[in-house]
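Quantities reported herein were computed from a predicted structural model and do not represent experimental measurements. In each ligand, atom 1 is the first atom listed, and ligand 1 is the first ligand listed.
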Amino acid sequence: MTAIIDENTVLTGGDEVRADIVINRPKALNALNVDVLQGLILALEKVQKQESLRVITITGAGTKAFVAGADIAWMADLGPRAIADYVELGQRAMRAIERARVPVVAVVNGYALGGGLELAMACDVIIASDKAKLGQPEVKLGIIPGFGGTQRLVQRTGIGTARRLIYSGEMIEAEEALRLGLVDKVVSAEELQEGATAFCNEIINKAPLAVQQAKRLLRESSEQFLLSGLQREVETFLDLFQTADREEGMQAFMEKREAKFTGK
Ligand code: DAK
């Protein structure tokens, strides 16, 4: 896949024990395109070179969105080969988060939709602002969650809630997400950074090897099941990507109108 990696789309900062990764496309609500996904993978590799690292945070730039999903305008015109490459890249980015040697905390500062919620769910812990809105709206576009949402949402909320959220595509508020187990902590928007720092310090102060081994074991507890589910999700996603409903769903989004689906 050819992509020019714009280093400014993913920023890194922090100190010797904590790395902060910021997805930086605020005008497109931090939507995930190739640059962002490749930038995320590179940022994760870079920050983990620091031996003293204890925790990583991921957030979105600006006050409106964590990540509003895959970049629909960009994705709408992709052919079968390019979309298959995108799948591979997206899955690699999610797995890089999940397999990072230290815990990764998603700091959800606004909309976390579609691929954005999937990215948050690949993190170990999700801390959300009370203004955040979360959902898997893919069925409104003629597709399904394709970066692990059909698998990781079930793990977080149980199957009943996963069905409700994925079939309806509805957006929910942070407080409801907390009740459902979709997020782990809700903090007022004004205090989100302090709340995230307080939680990171809880991790930083603990025995690093114990935390890291716990992370590995927790991940491995469901890994085989997850990997086979992810494979089936990708295959189904690619089939749906070829349908007329998918074309209509994405076209309707770009034209800011309701989609008219035909089941074709
Ligand atoms: N992609 C591209 N641009 C987006 C975007 C997105 N997901 N979300 C928002 N934007 C852009 C808008 O088009 C708008 O651009 P301009 O018109 O200013 O140029 C700008 O960001 C501001 O958005 P709005 O004007 O719409 O702002 P509002 O406050 O009115 O609404 C909103 C905010 C978040 C409710 C709304 O923007 C919205 O509904 N956005 C779309 C959310 C969505 O449907 N997300 C799911 C995308 S599908 C794959 C695996 C996974 C995926 C894809 C492939 N493979 C396996 C290959 C994932 C799919 C998805 O995530």
Judged by non-hydrogen atoms, does Lys256 sit under 4.0 Å from ligand 1? yes
Please confirm whether Gly90 approaches ligand 1 to less than 4.0 Å, judged on its heavy atoms. no
Report yes or no: does a heavy atom of Gln91 sit under 4.0 Å from some atom of ligand 1? no
Does the side chain of Gln155 come under 3.5 Å of the side chain of Arg152 through a donor N or O and an acceptor N or O? no
Which protein heavy atom lies closest to atom 1 (N) of ligand 1, and at what distance to 0.1 Å? Ile72 N, 2.9 Å
Write out the residue and atom name of the closest protein heavy atom to atom 54 (C) of ligand 1, then the distance separating them to 0.1 Å. Phe237 CZ, 3.1 Å
Which of these, Phe147, Phe253, Phe241, has its nearest heavy atom closest to atom 51 (C) of ligand 1? Phe147
Consider only side-chain N and O atoms of Asp130 and Ser188, and report whether a donor and an acceptor are under 3.5 Å apart. no
Relative to the heavy atoms of Lys27, which atoms of ligand 1 are at a distance of less than 4.0 Å? 20 (C), 21 (O)
On a heavy-atom basis, I'd like to know which of Gly69, Ala68, Ala31, Gly249 is closest to atom 45 (N) of ligand 1. Ala68
Of the listed options (Gly114, Pro26, Pro145, Ala28), which comes nearest to atom 4 (C) of ligand 1 when hydrogens are ignored and any heavy atom counts? Ala28
Close N or O approach (Tyr86, ligand 1; < 3.5 Å): no
With a 6.0 Å cut-off (strictly less than), is the heavy-atom count around CD of Gln224, excluding the residue itself, greater than 12? no
Could you tell me whether atom 36 (C) of ligand 1 has a protein heavy atom closer than 4.0 Å? no
So is Leu29 in contact with ligand 1, going by heavy-atom distances below 4.0 Å? yes
Between Ala70 and ligand 1, which residue portion shows a heavy-atom distance shorter than 4.0 Å: side chain, backbone, both, or neither? both
Atom 18 (O) of ligand 1 touched by protein (heavy atom, under 4.0 Å): no
